[in-house]
Amino acid sequence: AMTGNPAIRGDRLALPSDVLGPEHGRTMAPAANELLVAPPALPELWLDIAPDAMLCLNQSGFICAVNDRAATMFGCHSKLMTGAHLGAFIADDQAAPEASSPRLLEHVLAGDGKPLEATAHTMAGQHLAVEITSMRHDQAGAIFTVCALRDITHRKHSETVLTEAKEIAERANVAKLEFLSQLSHELRTPLAAIIGFGEVMRDEMFGPLGVKLYQSYAADICKSGQQLTDAVERIIDVTRLEGRMAMAHARQADLGEIIERVMENAAAAASHQGIRVTNNVRRGSLPVMLDDETLEKMIGHVIDNAIAFNRFGGKVEVSVATDQKKDANQFELVIADTGIGMTPDKLGTLRRSLDSAGTDSGGGLSLCSAFLHLIGGRLDVASAHNLGTTVTMTLPRRHDGI
C-alpha cells in the first residue's frame, strides 16, 4: 500500500539524495543534522491551534515540527516526519517529483505568503491536491519557514467538473449553430424560388394573371416567404449571441462606414415609402473596437424598424452623442423617426420585454438589447403616439470579449 509514496524506500523514509538526486543530497546532508527539531523558544502553539496541516521547516527544507492535522493528512506519525525532507511528502503538480522538488522548495522557503498548489503523497500511497502557504519566521537568529497545507481535492474536482460541463455546453452551442446554419441554407434555396416566382406573378411580368385576386395571393406569398427568411436569420443571430461567438471577432471598425452600408441596404424600402433617411455620422469620425458584423445587423434591425413603422413621407435620422460627464469610454447612437409612435401601454410592454430578454415582433429590438447587454451597453426606447420613436443605443468604444 506504501509503494506509491516517494517518501518510502523499502522499510525506511527517503533520504534527500533519494528525493532530490545525489547532487542535492550531498549539498543538503550537512544541513540535515542542523535544527531538525524546533528550538524550545519556537511557539509550537501556532502549529497546534491552526485549522490546517502545519509544517515547520529549516532553511534547507527539512521538517522540524508538525501538528496533529499534518500527521493525520499524511498518515504518518509526527516523530517519523520530523527530520525528513519536505520533498519526500510534497511534489509540484506541474512536473515529476524528482524534477520539480528543488523548484517547489524554492517557492516554499521564500515564505512570501503566496499560495502554491502542489501534490501531497500520503503514506498509504494516495495523492492529494493541496494548497501551500508559507511564511518565514526568525527565532533567536535562526530562520524557520512555517507552512500551512490545505486539502483542495474537492475544489479541484469541482473545477474539473465545471470545466468539462462548460466544454460540453460550448460544443453543444457550436453544434446547434452549425445545424441552424445548415437549416438556413437548406431553406434559402426553395424560399428564393418561392419569393422570385411570387414577385413575377405579383408584378405580372409576363402578362396579366386574368384574375386580380391571384395578384393579391402572389403578394402574400412574397411577404410570407420574406418573413420566414428573416425569422430563420434571427434564430441564428440569437444562437450566436447565446454561444457568445460574436465576441470572438472583435476588431477595429468605422461606425460611419457601418451605418452607410446599413442605409444602402435600407434605401429601397425607404424609397418605396417616401421616407428620407439622414445620416449625421461621418465616415472615419468614430472608430470603435467591436464585432462589426453583429453591430451592422443590430443597427440594421433598428433602422428597418424605424422605416417599417414610419408614415409615408416621414423621416429617419441617425446621429451620435457623447456625454463626457457620464463616461468618456461610451457613446450613444440615436435613431429617431417621425412614425406613428407607440401608446404608453405598448411602450411599457416593449420595455418589459427588453428588460426580460423576451422576444418581440418589432424587428429585432430584443436581439439588439441582448447584444448591448452582452458588451456592457444598453438600449433605451422613447416614443409618443403620432409623434415618433427614438431608440438610443449606448455602446462602449471598445470590447475585446467576455
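Owing to the predicted nature of the structure, the values given are computational and were not obtained by experimental measurement.
For the 3.5 Å distance criterion, the side chains of Glu260 and Asn279 fail to qualify, holding no donor opposite an acceptor. Side-chain contact annotation: Asp151 with Thr153, donor-acceptor N/O pair under 3.5 Å present. No hydrogens or angles considered: a donor-acceptor pair under 3.5 Å links the side chains of Thr349 and Arg352.
For the atom pair Asn58 CG and His85 NE2, the distance stands at 8.0 Å (nearest 0.5 Å). Note that CG of Leu105 and NE2 of His107 are 11.0 Å apart. Values are rounded to the nearest 0.5 Å. Here Asp220 contributes atom CG and Gln215 contributes atom CD; the two are 11.0 Å apart, rounded to the nearest 0.5 Å. To the nearest 0.5 angstrom, Arg311 atom CZ is 12.0 Å from Gln273 atom CD. Between the CD1 atom of Ile299 and the CG atom of Asp304 there is a distance of 11.5 Å, given to the nearest 0.5 Å. Between the CD1 atom in Ile303 and the CD1 atom in Ile335 there is a gap of 4.5 Å [rounded to 0.5 Å].
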Next on the checklist: For Met298 and Leu379: C-alpha separation, side-chain torsions, deciding distance, then whether side chain to side chain contact (heavy atoms under 4.5 Å, CB included) applies.
Outcome noted: CA-CA 11 Å; Met298 180 177 62; Leu379 184 142; over 6 Å; no
Item to check | Full working for side chain to side chain contact (heavy atoms under 4.5 Å, CB included) between Leu104 and Leu116 | outcome: CA-CA 9 Å; Leu104 174 68; Leu116 172 69; 3.3 Å; yes
Next on the checklist: For a side chain to side chain contact (heavy atoms under 4.5 Å, CB included) check, start with the C-alpha distance between Met123 and Leu80, then their side-chain angles and the critical distance, and finish with the verdict.
Outcome noted: CA-CA 11 Å; Met123 299 294 285; Leu80 291 177; 5.6 Å; no
Item to check | Residues Val334, Thr390; criterion side chain to side chain contact (heavy atoms under 4.5 Å, CB included); working and verdict | outcome: CA-CA 7 Å; Val334 181; Thr390 299; 3.6 Å; yes
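Residues Thr394 and Leu372 are not in side-chain contact: their nearest non-hydrogen atoms beyond the backbone lie 4.5 Å or more apart. Two residues are said to be in side-chain contact when any heavy atoms from C-beta on lie closer than 4.5 Å; Ile194 and Ile221 meet this criterion. Here the side chains of Arg155 and Arg150 are not in contact, with every heavy-atom distance at 4.5 Å or above.
Minimum interatomic distance between Leu128 and Met73 (heavy atoms only, all atoms of both residues): CD1-CG, 4.0 Å. Pairing each heavy atom of Ala120 with each of Phe74, the nearest pair is CB-CE2, 3.8 Å. The minimum heavy-atom distance between Phe62 and Gly83, with the atom names listed, is CD2-O, 3.8 Å. When every heavy atom of Phe89 is checked against every heavy atom of Met81, the shortest pair comes out as CZ-CG, 4.0 Å. Between Ile307 and Ala270, the closest heavy-atom pair is CD1-CB, 3.9 Å. Nearest approach of Ile143 to Gln59, heavy atoms of both residues: O-CG, 3.4 Å.
Shown here is Arg282, whose CZ atom has no more than 12 heavy atoms of other residues, nucleotides or ligands within 6.0 Å. The local environment of CZ in Arg276 is sparse, with at most 12 non-hydrogen atoms from other residues, nucleotides or ligands closer than 6.0 Å.
A donor-acceptor pair is defined here as one N or O able to donate and one able to accept, closer than 3.5 Å; no such pair exists between the side chain of Arg136 and the backbone of Asp112. Remark: the backbone N or O of Leu365 is not paired with any side-chain donor or acceptor of Ser369 at under 3.5 angstrom. When atom types are taken as modelled, the side chain of Arg351 and the backbone of Val381 share a donor-acceptor pair closer than 3.5 angstrom.
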Which atom pairs, one a donor and one an acceptor, fall under 3.5 Å between side chains of residues 197-204 and the rest of the protein, sequence neighbours left out?
from, atom 1, to, atom 2, distance (Å)
Glu204, OE2, Leu209, N, 3.4

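Considering Asp52, Ile90, Val66 in turn, Ile90 is the only one that fulfils the side chain to side chain contact (heavy atoms under 4.5 Å, CB included) rule with Leu149. Just one residue in the list Asn310, Thr338, Asp337 forms a side chain to side chain contact (heavy atoms under 4.5 Å, CB included) with Lys315, and that residue is Thr338.
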